[in-house]
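Report on one structure; see the data block that follows.
Starting from 1, each residue takes its place in the sequence as its number. Computed from a predicted structure; not experimentally measured.
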Amino acid sequence: MTRREKQLLEWIEENPLISQQELATRAGITRSSVAVHISNLMKKGMILGKGYIVHKSNYVVVIGGVNMDIFGRPYNPLIKNDSNPGQVRMTFGGVARNIAHNLRLLGVNIKLITAFGEDVNAQKIIKNCADLGIDTTSSLVVPSGVTSSYLFITSSEGDMELAVSDMEIYRYLTPDYIASKMDIINNASLCIIDANLSEGTINYLAEHCTVPIFADPVSSTKAKKLIPSLSRIHSFKPNLIEAELLTGIKITDEESMKQSAKYFLDQGVKQIYLSLGKDGVYCASKHESAHLPCLKTNLINATGGGDSFMAAIVWAYLNGLSLIESTKLGLAASSICCEGKGTINDALTIDAALKRARLDITTSEL
């Protein structure tokens, strides 16, 4: 399906009785061009008949941050206040984008809602998403806006020295804008959000979203924005520092770890996945709980482990796995991800994750 066909199909899903002339006006093309696109969509089985009866495919909506990551690493010890010869690289990043990318590797259809500027970085990210099969047509493009970016410099050994993040564009993802996309959101199988969104937007989503919400706190600073909405979050994945900040409970042993998880469950969270770094994950619901260790991993880069874990537990939920099975799958996906050089490891597939998790499940059974 072409990008234009995806755009037209999106508008038809929102209003099945929309006329071809209305579609042409919105798209800025001729009515005859719309007719050709409609014909192609019918041939592809995406539109089933008169009145634009749309073939619904299951999808997950992901709402949050997309960045252009720019990083530099000097060849020699960093000299401050001077130009340092070294390597500079640019990669696609952002919690929401990374989760969406991992979900595509697992075979899940994705609609990504974020905010783009009118710049070359937006064009690059949108093209990359299209190549991956991630639908960004519901995202906001801010006139004269600057796409979110994250600039960081490391030491010659690779340790962080300095970083600057420019994420002002997410203030345009307002409750009003999200309100205009609620039909798309509530027709999804579930909704994933990250805390790059404003507290007001998170609250609006929590109040109006009718499908399960999976939330990623992003960082200890941003996690606080989720506090008023915890009662409406289905699954939550904080790390130890984030959990301590949100609960006020210092996690020092198994008992305090369980108390922290209980706090979230008492707030209304259905499933809590407490990431403990090298000590694995403690998962809990009202009905079961477990502390599972990390899997043996040939560690190369740990930066994307949390995003791949979130993608895997979403896949697990969609396919009816239990809490403990979901956690095992998440740990397996994270293990595979951390064996790659980048934030995303293309070696991650659902069959590979199921095998590493030692789950006696094949995709043909689902």
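- Counting heavy atoms from C-beta outward, S235 and Y273 have side chains that approach closer than 4.5 Å.
- Side-chain contact between N76 and N84: absent, with no pair of heavy atoms (C-beta onward) separated by less than 4.5 Å.
- Proximity of T114 to I63: side-chain heavy atoms (C-beta onward) are nowhere separated by under 4.5 Å.
- Closest heavy-atom contact between G305 and S308: O-OG, 2.9 Å.
- Looking only at distances, no side-chain donor or acceptor of T297 sits under 3.5 Å from a matching main-chain atom of L299.
- A cation-pi arrangement is found for K111 relative to Y59, the charged atom lying closer than 6.0 Å to the ring centre and inside a 45° cone about the ring normal.
- Closest of all the heavy-atom pairs between D307 and I99 is O-CG1, 3.9 Å.
- Within 6.0 Å of the NZ atom in K328, the count of heavy atoms belonging to other residues, nucleotides or ligands does not exceed 12.
- The aromatic rings of F71 and F152 sit parallel, their planes meeting at an angle under 30°, below the 60° perpendicular limit.
- Taking each heavy atom of H208 and N186 in turn, the nearest pair found is O-ND2, 3.3 Å.
- A donor-acceptor contact closer than 3.5 angstrom links the side chains of S148 and N67.
- Shown here for A311 and L103, the closest heavy-atom pair between the two residues is O-CD2, 3.3 Å.
- Partner of T147 under the side-chain contact (heavy atoms from CB on, under 4.5 Å) criterion, out of V66, V141, D166, N121: N121 alone.
- Heavy atoms only, all atoms of each residue included: L226 and P217 are closest at CD1-CA, 3.7 Å.
- Of all non-hydrogen atoms in P228 and N203, the two that sit nearest each other are CB-OD1, 3.7 Å.
- Under the 4.5 Å side-chain criterion, counting only non-hydrogen atoms from C-beta, Q271 is not in contact with C283.
- In this structure, the side chains of F236 and D216 stay at 4.5 Å or more apart for every pair of heavy atoms.
- In this structure, the side chains of R104 and I344 stay at 4.5 Å or more apart for every pair of heavy atoms.
- For the pair N128 and L132, the minimum side-chain heavy-atom distance is below 4.5 Å.
- The shortest side-chain heavy-atom distance between Y75 and S156 does not fall under the 4.5 Å cut-off.
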